[in-house]
Amino acid sequence: QVQLVESGGGLVQAGGSLRLSCAASGHTFSNYDMGWFRQAPGKEREFVAAIRWSGSVLVYADSVKGRFTISRENDNAKNTVYLQMNSLKFEDTAVYYCAAGFRSRSRIVTTSDYDYWGQGTQVTVSS
């Protein structure tokens, strides 16, 4: 079992920045690909960004490319994945979820590619 705890959400004005963190525990962090998803009210949960277990492959949704950056720290003291969000827009408002998927999978961009989920953190961008 992998436990994931997100933090860093909040209220920010359009054009501002936030950095989300997701702390992982319970299993060897470097065995897992990590992803960020978001869900706005009345909408499906959607892919935002993902990073392979080694950190060598990064994938972004078109809507956030060039504005968001995913990164991870694989050492035992940290075991954390980050999402740096710059130039935030009103439409980025959502609950953001961190997810972990065992590294053997070929895809990392859909919810079914992940085994464990955090509880979510709210990001609200005011226009």
Side-chain angles (χ1 to χ4, degrees):
Q1 196 78 334
V2 175
Q3 291 81 42
L4 302 172
V5 179
E6 301 101 333
S7 61
L11 174 64
V12 63
Q13 287 189 329
S17 298
L18 282 174
R19 187 173 85 151
L20 305 183
S21 300
C22 173
S25 62
H27 267 253
T28 303
F29 183 61
S30 58
N31 283 338
Y32 290 85
D33 301 321
M34 300 298 296
W36 285 98
F37 290 75
R38 65 187 181 187
Q39 189 166 18
K43 293 190 176 181
E44 297 285 317
R45 190 169 298 189
E46 66 174 2
F47 171 75
V48 175
I51 184 167
R52 284 289 188 185
W53 62 275
S54 62
S56 61
V57 176
L58 310 175
V59 184
Y60 295 95
D62 287 344
S63 59
V64 307
K65 209 170 287 185
R67 299 187 299 121
F68 290 11
T69 303
I70 189 171
S71 61
R72 66 187 294 161
E73 292 187 81
N74 278 4
D75 67 83
N76 289 333
K78 287 285 189 179
N79 290 343
T80 302
V81 62
Y82 302 98
L83 186 68
Q84 177 67 43
M85 306 186 295
N86 298 329
S87 302
L88 282 160
K89 304 176 182 180
F90 176 75
E91 50 265 40
D92 294 319
T93 296
V95 177
Y96 282 71
Y97 296 92
C98 168
F102 194 68
R103 69 187 196 186
S104 61
R105 292 187 173 89
S106 59
R107 296 184 318 176
I108 52 173
V109 297
T110 71
T111 56
S112 60
D113 299 325
Y114 294 87
D115 306 297
Y116 302 101
W117 293 84
Q119 82 289 348
T121 185
Q122 176 71 46
V123 172
T124 303
V125 184
S126 62
S127 57

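Values in this document were obtained by computation on a predicted structure and should not be read as measured data.
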Met85 vs Val48 side-chain heavy atoms within contact, under 4.5 Å: no

Are the side chains of Ile108 and Tyr114 in touch, meaning some heavy atoms are under 4.5 Å apart? yes

When rounded to the nearest 0.5 angstrom, what distance separates CD in Gln122 from CG in Leu11? 9.5 Å

Are Tyr116 and Ile70 connected, step by step, through hydrophobic side chains (Ile, Leu, Val, Met, Phe, Trp, Tyr) whose heavy atoms are closer than 4.5 Å? yes

Where the side chain of Arg38 meets the backbone of Val123, is there a donor-acceptor pair that is under 3.5 Å apart? no

Regarding Asp92 and Lys89, does a basic nitrogen lie under 4.0 Å from an acidic carboxylate oxygen? no

Flag the pair Gln39 / Tyr97 as yes when at least one side-chain heavy-atom distance between them is below 4.5 Å, and no otherwise. yes

Got a sec: does the NZ of Lys65 have more than 12 other heavy atoms crowding it under 6.0 Å? yes

Transitive ILVMFWY side-chain link Val57 to Tyr60, under 4.5 Å: no

Hydrophobic cluster identity match, Phe37 and Leu4, side-chain contacts under 4.5 Å: no

Here the pair of heavy atoms bringing Tyr32 nearest to Phe102 is CD2-N, 3.5 Å

Shortest non-hydrogen pair, Ile51 vs Val81, comes out as CG2-CG2, 4.1 Å

Minimal heavy-atom distance between Val125 and Gln13, with the atoms involved, is CG1-C, 4.0 Å

Run the side-chain contact (heavy atoms from CB on, under 4.5 Å) check on Glu6 and Val95 step by step: do they pass? CA-CA 11 Å; Glu6 301 101 333; Val95 177; over 6 Å; no

Taking NZ, NE, NH1 and NH2 as the nitrogens, is one of them in Arg52 or Asp33 under 4.0 Å from a carboxylate oxygen of the other? yes

Could you give me the CA-CA distance, side-chain angles and deciding distance for Ser112 and Arg107, then say whether side-chain contact (heavy atoms from CB on, under 4.5 Å) is met? CA-CA 9 Å; Ser112 60; Arg107 296 184 318 176; 3.6 Å; yes

Between Asn74 and Trp53, is there a donor-acceptor pair closer than 3.5 Å when you use the side chain of the first and the backbone of the second? yes

Nearest non-hydrogen partners of Cys98 and Met34, listed with the distance: SG-CE, 3.6 Å

Which heavy atom in Ala49 sits nearest to a heavy atom in Leu83, and how many Å separate them? CB-CD1, 4.1 Å

Can you get from Leu20 to Leu58 by hopping between Ile, Leu, Val, Met, Phe, Trp and Tyr side chains that sit under 4.5 Å apart? yes

Which heavy-atom pair separates Val59 from Phe47 by the least distance, and what is that distance? O-CZ, 3.6 Å

With a 4.5 Å heavy-atom cut-off, do Glu73 and Tyr82 have their side chains touching? yes

Counting N and O atoms only, with roles assigned by atom type, does the side chain of Gln84 sit under 3.5 Å from a partner on the main chain of Arg19, one being a donor and the other an acceptor? no

Are any of the side-chain heavy atoms of Arg45 and Trp117 separated by less than 4.5 Å? yes

Distance check, rounded to the nearest 0.5 Å: Arg72 atom CZ versus Ser54 atom OG? 8.0 Å

Student check: side-chain heavy atoms of Phe68 and Leu88 closer than 4.5 Å: yes

Side chains of Lys78 and Phe29: does their closest heavy-atom pair fall under 4.5 Å? no

